[in-house]
*Asks:* 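Please see the structure below; I have some questions.
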Amino acid sequence: MPPSKLAVVVSLDVEEEGLFSGAYPRSGAGLTNIAHLSRLEFLPREFGLPLTYLCDYPVLTHGPSRDVLSDLLGRVGGELGAHLHPWNTPPFPDMPWPEPVSTAVMPVEVFRAKLESLQQAVEAFAGRRAASFRMGRWNLFRRAMAVLPEAGFTVDSSVAPLRHVRGGPDHFLAPADPYWLRPAGPGGPRLLEAPTTQLPLAPKSPRLLHALAGRLPGRARDAALGFFMKTMTLGVNPVWMPEPTMRLAVRSHVRRGGRAVTMFWHSSELLPGASPHFPDKAAVDGFLAKVRRFAVWLRRTFDVRGATLGELAGPDFSWPDRSSGTRRRSTGDWG
């Protein structure tokens, strides 16, 4: 891809309602939000930005939701990917941890079986397995990431740079642009990591802070990294970030050599009242107007090429290979 082109990915976590309540039921959660995905048709139609629908198991096995997705994919295109919520994706063996069970402790064979159930649901609906993946709650530790290629995934987007959650995976120092992960073994399948676009206001500050925070006791470390995440991080998530921050994030990313922007939000954020950010229709309408304005600005400011997550791993793009030593080795869960 010529350096002047900016790839823009719009990825959606397509899932049930109720997740902002902190509950993790195995079944019975609402799926009325899926019908509201049609409100995003303007992105592919008017701006050439295809949508990547990262669907979880309840969506993929629910007839009305599948009808909505089939209609959208048939009319405006896009990509059907997979999104794992392990608490409602079979099998459900007894495990000694409360839901949601972290991939830091979940037996690898259980994680592998849940991925297979998810892929079977995708294949039953679409006739082929998904290429793109995102882990629910961003909870993808290195040991679980290594399983994705054998499940048929070629692109992951579970890494959120500069994000810190107590007990969660360490993605803090991950690059903001896509990169190829080292294969699990010689000649093994490769996996492209396409992080959500988040970058520091000051380029060298994350590594310094991460090193200093590592010397602090647990709560103080969490507080330092959390403060940085909230005050010194630029990003393009339209739910989390104001428009000026989103614009500064893209300008800074491109100026630092970035060639791809990966946006995301949740399908339930399109349903009034399903998210604390959007309590009513007016709030959702305002959010969609914001997304439209940002798309207009992107097209006016950069030479944009809309892409799905799966397309990033195709021959039209070239990304750094971490096995080549082009990036520093890390003890984190992002590479």
*Asks:* Should the pair Trp297 and Phe294 be assigned to parallel (<30°), tilted (30 to 60°) or perpendicular (>60°) ring geometry?
*Replies:* parallel
*Asks:* May I have all residue pairs that pass side chain to side chain donor-acceptor pair (under 3.5 Å) and include part of residues 226-246, sequence neighbours excluded?
*Replies:*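 For residues 226-246: Glu243-Arg293.
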*Asks:* Measure the shortest side-chain to side-chain distance between Leu248 and Leu201 over non-hydrogen atoms and say whether it is less than 4.5 angstrom.
*Replies:*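 Leu248 reaches Leu201 side chain to side chain.
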*Asks:* If you define the side chain from C-beta out and look only at heavy atoms, does anything of Val101 sit under 4.5 Å from Val110?
*Replies:* no
*Asks:* Can you confirm whether or not the ring centre of Phe278 sits under 6.0 Å from the ring centre of Trp265?
*Replies:*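 Between Trp265 and Phe278, which both carry aromatic rings, the centre distance is not below 6.0 Å.
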*Asks:* Taking side chain as C-beta onward, heavy atoms only, is Gln119 less than 4.5 Å from Phe133?
*Replies:*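 A side-chain contact is absent here, since even the closest heavy-atom pair is not under 4.5 Å.
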*Asks:* Would a 4.5 Å heavy-atom cut-off, applied to side chains only, mark Glu311 and Glu79 as touching?
*Replies:* no
*Asks:* Between the side chains of Asp285 and Arg39, is the shortest nitrogen-to-carboxylate-oxygen separation below 4.0 Å, so that they form an ion pair?
*Replies:*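 Salt bridge: yes.
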*Asks:* For the ring pair Phe287 and His277, is the centre-to-centre distance below 6.0 Å?
*Replies:* no
*Asks:* Can you check side chain to side chain contact (heavy atoms under 4.5 Å, CB included) on Ser158 and Arg134, steps first, answer last?
*Replies:* CA-CA 5 Å; Ser158 304; Arg134 180 173 291 140; 4.1 Å; yes
*Asks:* Would you say that Phe264 contacts Leu54 through its side chain, given a criterion of any heavy-atom pair below 4.5 Å between the two side chains?
*Replies:* no
*Asks:* Pick from His164, Arg166, Arg163: which one makes a side-chain contact (heavy atoms from CB on, under 4.5 Å) with Leu225?
*Replies:* His164
*Asks:* Should Trp138 and Val165 count as side-chain neighbours, where that means a heavy-atom distance under 4.5 Å?
*Replies:* no
*Asks:* Check the side chains of Gln120 and Glu116 for a donor-acceptor pair under 3.5 angstrom, ignoring hydrogens and angles.
*Replies:* yes
*Asks:* Would you call the rings of Phe42 and Phe47 parallel, tilted or perpendicular, taking 30° and 60° as the class edges?
*Replies:*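 It falls in the perpendicular class, over 60°.
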*Asks:* Check the side chains of His62 and Glu16 for a donor-acceptor pair under 3.5 angstrom, ignoring hydrogens and angles.
*Replies:* no
*Asks:* Within a radius of less than 6.0 Å around CZ of Arg45, do more than 12 heavy atoms belonging to other residues, nucleotides or ligands occur?
*Replies:* yes
*Asks:* With a 4.5 Å cut-off on side-chain heavy-atom distances among I, L, V, M, F, W and Y, is there a chain of contacts connecting Leu191 to Phe111?
*Replies:* yes
*Asks:* Would you check if Pro175 and Trp334 make a side-chain contact, meaning some heavy-atom pair closer than 4.5 Å?
*Replies:*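 Yes, at least one pair of side-chain atoms sits under 4.5 Å.
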*Asks:* Measure up the Trp319 and Phe317 rings against each other and bin them: parallel (under 30°), tilted (30 to 60°), perpendicular (over 60°).
*Replies:* parallel
*Asks:* Do Asp177 and Arg259 come within less than 4.5 Å of each other through their side chains, counting heavy atoms only?
*Replies:*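 Touching, per the 4.5 Å side-chain cut-off.
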*Asks:* Should the ring pair Phe172 and His210 be called parallel, tilted or perpendicular, given that the plane angle runs from 0 to 90° and is split at 30 and 60?
*Replies:*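 Geometry flag for His210 against Phe172: parallel rings.
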*Asks:* Please walk me through it: do Arg112 and Val108 pass side chain to side chain contact (heavy atoms under 4.5 Å, CB included)?
*Replies:* CA-CA 6 Å; Arg112 183 179 287 114; Val108 171; 3.7 Å; yes
*Asks:* Show which residues join Trp87 in its hydrophobic cluster (side-chain heavy-atom contacts under 4.5 Å, direct or indirect), or state none.
*Replies:*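 Cluster partners of Trp87: Leu19, Tyr24.
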